[in-house]
*Asks:* 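The structure follows.
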Amino acid sequence: MDMEASIKGFPPYGFSIVVKFGGSLMRDLATCKATLGELERLSERGHRILVVPGGGIPDKAIESVDATHPLAPFTAHHACALAQDQTGYLLADPAFSSKLLACSTLGECRNVAGEGKIPVLLPSRVLFTMGPLEWSWSITSDAVAAWVAWVTGTPQLAILTNVDGVYRDAAISEPAAFIEEITAHELSKLGHTSIDGCAADFMARKGISGVVVNGLHPYRLGDWLEGRPVKATSVAIGPINERPTVTMAGGPR
């Protein structure tokens with residue numbers, strides 16, 4: 001996907017990557033803080049980052065209620081979007097970061113980034129106003145992040161989660177099942193993995209590339225962004241065999 005440099009009357013958002021910050025990363029608050037610190041360092045090195053938070057602990061509470069007392073789709077959809085907001089407020093709190101700021105609109109996000117900060121989108125207001133998503137448990141914050149990347153014209157999406165990447169058949173304990181590189185189209189065929197199938201399909205259809213990477217290792221995203229070898233799953237737009245192979249020295253972190 002090409003980023004428009006400028007269209008008269010329509011200033012670009014100018015983000016280079018949308019980072020979906022998985023709520024699972026908040027289970028270890030010290031590591032969570034370290035990962036947010038790495039995002040700040042990447043921002044200082046010129047990467048224009050927009051953070052979309054996962055639902056985290058509030059989302060798990062909603063799922064727990066739904067498991068025993070099935071919620072109406074309206075209730076589940078709106079409650080889960082607000083759960084993302086709650087996680088976003090925590091990530092942007094001074095207890096965890098100094099450069100992240102919570103933003104309720106995409107315009108705010110653009111302005112905050114222009115001031116050298118990292119915007120954290122609280123997505124409920126945008127989602128409730130525009131209504132782009134089906135009210136379904138199959139739609140997760142991964143899909144929200146993919147949609148935000150498309151709306152803002154951002155060419156790359158990073159899914160920060162608590163596993164090393166994508167594994168076939170969700171066999172995370174089997175090294176042979178790990179996928180180093182895959183197209184978004186092929187990824188969508190795997191269904192729900194460490195990225196939801198709807199997000200992968202959206203990436204394929206909208207031409208968004210990216211990575212699924214373990215946020216518990218704070219430096220992996222930076223390594224991937226700057227072309228160093230790293231254990232993660234790179235998600236390409238087109239056929240893998242049509243892209244050049246780059247050999248790098250050293251092993252992945």
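Keep in mind that the numbers below use all heavy atoms, side chains included, and drop hydrogens, waters and symmetry copies. Start at 1 with the first residue, then count along the sequence.
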*Asks:* Can you measure from CG (D142) to CG (L157) and round to the nearest 0.5 angstrom?
*Replies:* 7.5 Å

*Asks:* Is the backbone N or O of V126 less than 3.5 Å from a side-chain atom of T129, with the two atoms forming a donor-acceptor pair by type?
*Replies:* no

*Asks:* Check the hydrophobic clustering (I, L, V, M, F, W, Y; side-chain heavy atoms under 4.5 Å; chains of links allowed) and say if Y167 and I159 are grouped together.
*Replies:* no

*Asks:* Taking T152 for its side chain and V148 for its backbone only, find out whether a donor-acceptor pair lies under 3.5 Å.
*Replies:* yes

*Asks:* Measuring only between side-chain heavy atoms, which start at C-beta, is H192 closer than 4.5 Å to T140?
*Replies:* yes

*Asks:* Taking atom CZ of F128 as the centre, does the number of heavy atoms from other residues, nucleotides or ligands within less than 6.0 Å exceed 12?
*Replies:* yes

*Asks:* Do V166 and S194 make a side-chain contact, defined as non-hydrogen atoms from C-beta onward lying under 4.5 Å apart?
*Replies:* yes

*Asks:* For residues L190 and I182, determine if any side-chain heavy atom of one lies less than 4.5 Å from a side-chain heavy atom of the other.
*Replies:* yes

*Asks:* Is there a donor-acceptor pair closer than 3.5 Å between any side-chain N or O of T87 and the backbone N or O of G54?
*Replies:* yes

*Asks:* Y219 vs V230, test: side-chain contact (heavy atoms from CB on, under 4.5 Å). Steps then yes/no.
*Replies:* CA-CA 9 Å; Y219 295 101; V230 62; over 6 Å; no

*Asks:* Give the cluster check for L101 versus L122: same hydrophobic cluster or not, with ILVMFWY residues linked at side-chain heavy-atom distances below 4.5 Å.
*Replies:* no

*Asks:* Write down the atom of F15, the atom of C109, and the distance for their closest heavy-atom approach.
*Replies:* CZ-O, 3.7 Å

*Asks:* Which value, rounded to the nearest 0.5 Å, describes the distance between F21 atom CZ and T161 atom OG1?
*Replies:* 10.5 Å

*Asks:* Do W147 and L127 make a side-chain contact, defined as non-hydrogen atoms from C-beta onward lying under 4.5 Å apart?
*Replies:* yes

*Asks:* Indicate the atoms forming the closest heavy-atom contact of W224 with V211, along with that distance.
*Replies:* CE2-CB, 3.5 Å

*Asks:* Any donor and acceptor pair, going by atom type alone, linking the side chain of Q84 with main-chain N or O of P53 inside 3.5 Å?
*Replies:* yes

*Asks:* Could you please spell out the steps behind the side-chain contact (heavy atoms from CB on, under 4.5 Å) verdict for I195 and M203?
*Replies:* CA-CA 11 Å; I195 176 174; M203 292 173 71; 3.9 Å; yes

*Asks:* For E134 and I139, work out which heavy atoms get closest and say how close.
*Replies:* O-CG1, 3.8 Å

*Asks:* Using side-chain heavy atoms (C-beta onward) and a distance below 4.5 Å, is T183 in contact with I237?
*Replies:* no

*Asks:* Looking at A177, is its backbone amide N or carbonyl O close enough to the side chain of R168 to form a donor-acceptor pair, meaning the two atoms are under 3.5 Å apart?
*Replies:* no

*Asks:* Per the side-chain hydrogen bond (donor to acceptor under 3.5 Å, both in side chains) rule, what does the pair list look like for residues 104-123, sequence neighbours excluded?
*Replies:* none

*Asks:* Please tabulate, for the side chains in residues 23-40, all donor-acceptor contacts under 3.5 angstrom to protein atoms that are two or more places apart in sequence or on a different chain.
*Replies:*
from, atom 1, to, atom 2, distance (Å)
D28, OD1, A30, N, 3.3
D28, OD1, T31, N, 3.2
D28, OD1, T31, OG1, 3.4
D28, OD2, T31, OG1, 3.0
T35, OG1, T31, O, 3.0
T35, OG1, G215, O, 2.6
E38, OE1, R41, NE, 3.0
E38, OE1, R41, NH2, 3.4
E40, OE2, S98, N, 2.7
E40, OE2, S98, OG, 3.4
E40, OE2, K99, N, 2.9

*Asks:* Begin from the C-alpha positions of V213 and L160 and carry the test side-chain contact (heavy atoms from CB on, under 4.5 Å) through to its verdict.
*Replies:* CA-CA 5 Å; V213 62; L160 292 192; 3.2 Å; yes

*Asks:* Tell me the closest heavy-atom pair linking A113 and R48, and the distance in Å.
*Replies:* O-NH1, 3.2 Å

*Asks:* Find out if a path of hydrophobic residues (ILVMFWY) with successive side-chain heavy-atom gaps under 4.5 Å connects V163 to I179.
*Replies:* no

*Asks:* Do the side chain of D196 and the main chain of C198 share a donor and acceptor less than 3.5 angstrom apart?
*Replies:* yes

*Asks:* So, does T154 use its side chain to make a donor-acceptor pair with the main chain of Q156 at under 3.5 Å?
*Replies:* no

*Asks:* Please name the pair of heavy atoms, one in I17 and one in A158, separated by the smallest distance, quoted to 0.1 Å.
*Replies:* CD1-CB, 3.7 Å

*Asks:* Is R125 salt-bridged to D85, going by a charged N under 4.0 Å from an acidic O?
*Replies:* no

*Asks:* Answer yes or no: is there a side-chain heavy-atom contact under 4.5 Å between E226 and H47?
*Replies:* yes

*Asks:* Can you name the closest pair of heavy atoms from F96 and L90 and give their distance?
*Replies:* CD1-O, 3.2 Å

*Asks:* Under 4.5 Å between any side-chain heavy atoms of I208 and F202, yes or no?
*Replies:* yes

*Asks:* What about L91 and V112, same hydrophobic cluster or not, with Ile/Leu/Val/Met/Phe/Trp/Tyr joined at side-chain heavy-atom distances under 4.5 Å?
*Replies:* no

*Asks:* Considering only Ile, Leu, Val, Met, Phe, Trp and Tyr, and joining two whenever side-chain heavy atoms are under 4.5 Å apart, list the other residues clustered with V65.
*Replies:* I62, L71, W137

*Asks:* Less than 4.5 Å apart, side chain to side chain, heavy atoms only: is that true for K231 and N214?
*Replies:* no

*Asks:* Whether the side chain of S188 engages the backbone of H185 through a donor-acceptor N/O pair (distance < 3.5 Å, no angle test) should be reported.
*Replies:* yes

*Asks:* With the 4.5 Å side-chain cut-off for hydrophobic clustering, are W150 and L133 part of the same group?
*Replies:* yes

*Asks:* Please check this pair: side chain of S43 against backbone of I118, looking for a donor-acceptor N/O pair closer than 3.5 Å.
*Replies:* no

